[in-house]
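What you are looking at is a predicted structure, and each value in this text was computed from that prediction instead of being measured. Below, chain A is the first sequence line, B the second, and so on; all start at residue 1.
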Amino acid sequence: MSSFAGRMKEYPTVSVDRFDRENLHARAYFLSHCHKDHMKGLKGPLLKRKLQFSRTVRLYCSFVTRELLLSNSKYAFWEDYTVSLGRRRLLQPAATVCCWLQSATEDVVVTLLPAGHCPGSVMFLFEGSQGNVLYTGDFRLAHGDVSRMEHLHSGSRVKDIQSVYLDSTFYDPRFYQIPTREVCLSGISELVGSWISQSRHHVVWLNCKAAYGYEYLFTNLGEEFSTQIHVNSLTMFRKMPEILSYVTTDRRTQIHACRHPKDDEFLQGNRLPCGGSAPDGTPLRIISIKPSTMWFGERTRKTSVIIKTGSSSYRACFSFHSSYSEIKDFLLYLQPVNIHPSVIPIGRSLAEVTQMLKLMCRKQSDQPASVYRPLGVLKRSRVQPPTYGTSKPLDILYNVNQEVNQPPLDC
DNA sequence: GCGATCAGCT
DNA sequence: CACAGCTGATCGC
């Protein structure tokens with residue numbers, strides 16, 4: 001859970017992912033993704049009043065995050081005060097008074113980069129007089145992904161990053177490796193396929209938590225098995241055809257991700273949380289699959305990404321956050337001057353994490369031009385457009401969607 | 001009656 | 001295998 005207080009040292013007049021307390025005075029707001037622990041204060045009456053009196057204060061986020069936000073009635077009042085950004089946007093003082101530094105306004109260029117955490121999730125790159133600052137929000141990026149992000153480069157070189165505000169959820173050697181998205185997905189596919197192919201009464205219940213981030217599972221399984229996944233509601237995906245085509249409120253499907261407050265009891269009674277049953281009265285054969293984070297040490301042998309936990313229940317590896325080695329790869333590539341953790345892993349202290357992160361920072365004697373690069377990344381210094389394996393739906397869900405979005409405003 | 005916070009649960 | 005968020009109790013305004 002994020003404990004970031006909302007403000008960055010370099011650009012203290014903007015607030016990111018926090019909207020209470022001192023953040024009530026911000027001149028611009030940013031939301032990296034639509035998870036509640038990054039939305040504290042966002043439905044506050046004080047903030048609402050401030051907006052109604054201001055012509056310039058706005059909330060900036062991706063198109064998908066804006067849609068998810070507005071689909072929740074508690075946040076619908078943001079309709080007139082939100083701006084969904086393309087990949088780059090110049091925040092001009094005349095329009096937004098984004099930054100107020102040393103008695104003068106200045107322009108800050110904000111770039112949205114895909115974060116791979118949930119639909120609409122982005123990282124924000126702020127470029128202005130106080131240096132380049134990368135706020136990661138929450139992210140799941142694989143090894144090498146950062147080296148392929150065009151906007152983190154200038155020509156063939158990585159930009160000089162002053163500070164990174166980091167999703168350090170798994171920044172602990174204990175979480176050294178987490179199987180890749182592709183490996184997890186194929187393990188789940190295999191299990192689902194082997195079950196639902198047995199008969200039309202064999203169904204799978206995906207025991208997903210109440211949060212965005214499982215959608216790529218639905219789209220990939222839907223695609224692979226030419227079906228749709230039963231969910232409680234479709235309204236939040238109204239303007240996201242690439243998700244909408246793989247989910248349904250029709251209970252007559254073999255893959256479910258529906259929920260009920262007492263879904264445990266339903267399962268004990270061999271019923272789905274939606275109450276669905278076969279039309280001819282034949283009892284359903286249900287298995288449950290619970291996506292959970294699984295991790296492995298640096299040298300521990302990886303075991304299966306699927307674990308059987310009962311006669312008809314399984315856990316399947318799934319992570320919204322980058323592993324320790326993925327975070328290390330990310331930081332060693334960027335070599336920022338400073339790193340600020342936004343999460344303290346369970347059982348660690350702020351001092352410990354800060355100390356460990358210092359090892360990932362650029363040495364003060366190093367010039368940005370002669371930054372140390374670990375051997376493992378030398379071979380991918382060539383800048384390429386972002387790609388995320390071969391999984392097309394993943395690309396659509398986890399990139400800032402430029403087609404559906406406002407046209408990008410390049411500066 | 002509303003919001004903030006916490007325990008408990010998953 | 002520890003993320004994200006719900007429900008319900010309690011407290012204060």
Item to check | Interatomic distance, A/N232 CG vs C/dG5 P [rounded to whole Å] | outcome: 16 Å
Checklist outcome for this item: When rounded to whole Å, the CZ to P distance for the pair A/R21 and B/dG3 reads 18 Å
Checklist outcome for this item: Side-chain contact check for A/S292: nearest option of B/dT10, C/dA2, C/dA4 is C/dA2
Item to check | Close side-chain approach of A/L69 to A/C34, heavy-atom, < 4.5 Å | outcome: yes
Item to check | Length of the CZ-P vector between A/F170 and C/dA2, whole Å | outcome: 8 Å
Checklist entry - Looking for any heavy atom pair under 4.0 Å, which part of the strands does A/F296 touch: base, sugar-phosphate only, or nothing? => result nothing
Checklist entry - Mind checking what makes side chain to side chain donor-acceptor pair (under 3.5 Å) contact with A/N23, not counting sequence neighbours? => result A/S15
Checklist outcome for this item: Numerically ordered, the residues 32-50 of chain A set in heavy-atom contact under 4.0 Å with DNA chain C is A/H35, A/K36, A/D37
Checklist entry - Within this structure, what is the CG-to-P distance between A/D263 and C/dG5, rounded to whole angstrom? => result 16 Å
Checklist entry - Are A/R181 and A/Y216 in a cation-pi contact, defined as NZ or CZ under 6.0 Å from the six-membered ring centre and within 45° of the axis? => result yes
Checklist outcome for this item: Residues pairing under salt bridge (Lys or Arg N to Asp or Glu O under 4.0 Å) where one sits in residues 165-175 of chain A, two or more places apart or in two chains, turn out to be A/D172-A/R348
Checklist entry - A/R174 has an atom CZ; how far is it from atom P of C/dA2, in whole Å? => result 11 Å
Next on the checklist: Nearest heavy atom decides the nucleotide; on that basis, is A/R259 or A/G347 closer to the 5' end of DNA chain C?
Outcome noted: A/G347
Item to check | Between C/dA2 (P) and A/I178 (CD1): distance, integer Å | outcome: 11 Å
Item to check | A/M294 CE to C/dC3 P, straight-line distance once rounded to whole Å | outcome: 14 Å
Checklist entry - Reckon A/H117 has a side-chain N or O less than 4.0 Å from the OP1 or OP2 of C/dA4? => result yes
Next on the checklist: Closest-nucleotide mapping onto DNA chain C: is A/P261 or A/I307 further toward the 5' terminus? I mean the 5' end.
Outcome noted: A/I307
Next on the checklist: Which heavy atom of A/P119 sits nearest to which heavy atom of A/V64, and what is that distance?
Outcome noted: C-CG1, 3.6 Å
Checklist outcome for this item: From CG of A/D167 across to P of C/dC3 the rounded distance in Å is 10 Å
Checklist outcome for this item: Tightest non-hydrogen contact, residues A/V57 and A/A26, listed as CG2-O, 4.0 Å
Checklist entry - Any donor-acceptor pair under 3.5 Å linking the side chain of A/S62 with the backbone of A/G120? => result yes
